[in-house]
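As structure tokens, the structure follows; a few thoughts come after it.
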Amino acid sequence: MRFFAHHGCFSEEKTIGNYFTVDFSAMTDMRAASESDNLDDALNYQKIYDIVKEEMAVPSNLLEHVAGRILRRFSQAFPDVSGATVSISKLNPPLGGEVAASRVTMSLPL
């Protein structure tokens, strides 16, 4: 997923914003969905995207804070899921040199 957001410790980052990518994966029993072909038996990717989009829209100093909020919201929305991992990358972070991205990865359980 790709978003334009306002995360960072520097005031310029909060004012100007930057592009971020988010990778999300979840571990759950998918046998029912594999047999039924019914969305009600699967993880709804649209709901996951909506959670990530909403949390990416809330400015934070730290990517760790954003990742933790995403995982907590996901855990509340999908309590039967055994685990999940989210990676958030800030593209071209303002570090004073050429850096493609900085990344934070967190997993459930927190």
Table please: side-chain donor-acceptor pairs of residues 90-102 below 3.5 Å, with sequence neighbours left out.
from, atom 1, to, atom 2, distance (Å)
K90, NZ, H7, O, 3.3
K90, NZ, E13, OE2, 2.5

Contacts of F10 that satisfy ring-ring contact (aromatic ring centres under 6.0 Å, His included) - sequence neighbours left out: none
Close side-chain approach of L63 to H65, heavy-atom, < 4.5 Å: no
Cluster check V52, Y19: I/L/V/M/F/W/Y, side chain < 4.5 angstrom: no
Cation-aromatic face contact R2/F20, 6.0 Å, 45 degrees: no
Side-chain donor/acceptor of S34 to backbone N/O of R31, under 3.5 Å: yes
Within-4.5 Å side-chain heavy-atom neighbours: M106 and L71: yes
Joint cluster assignment, Y49 & V22, ILVMFWY side-chain distance < 4.5 Å: yes
Which atom of R103 lies closest to which atom of S87, heavy atoms considered: CD-CB, 4.0 Å
M56 versus A5, closest heavy-atom pair with distance: O-CB, 3.4 Å
Atom of Q46, atom of N44 and distance for their closest heavy-atom approach: N-OD1, 2.8 Å
In residues 74-85, what donor-acceptor pairs under 3.5 Å come from side-chain atoms, sequence neighbours left out?
from, atom 1, to, atom 2, distance (Å)
S82, OG, M27, O, 2.8
T85, OG1, S107, OG, 2.8

Heavy atoms from other residues, nucleotides or ligands near CE of M30 exceed 12 (cutoff 6.0 Å): no
Minimum side-chain heavy-atom gap I70-V66 below 4.5 Å: yes
Apart from V58 itself, residues in the same hydrophobic cluster as defined by side-chain heavy atoms under 4.5 Å: none
With sequence neighbours excluded, residues passing salt bridge (Lys or Arg N to Asp or Glu O under 4.0 Å) with E64: none
N38, CG atom: more than 12 neighbouring heavy atoms under 6.0 Å: yes
Close side-chain approach of I88 and V86, heavy atoms under 4.5 Å: yes
Where at least one partner belongs to residues 43-61, residue pairs that pass salt bridge (charged side-chain N to carboxylate O under 4.0 Å, His left out), sequence neighbours excluded: E54-R73, E55-R69, E55-R73
CG on L39 to CG on D41, rounded to 0.5 Å: 9.0 Å
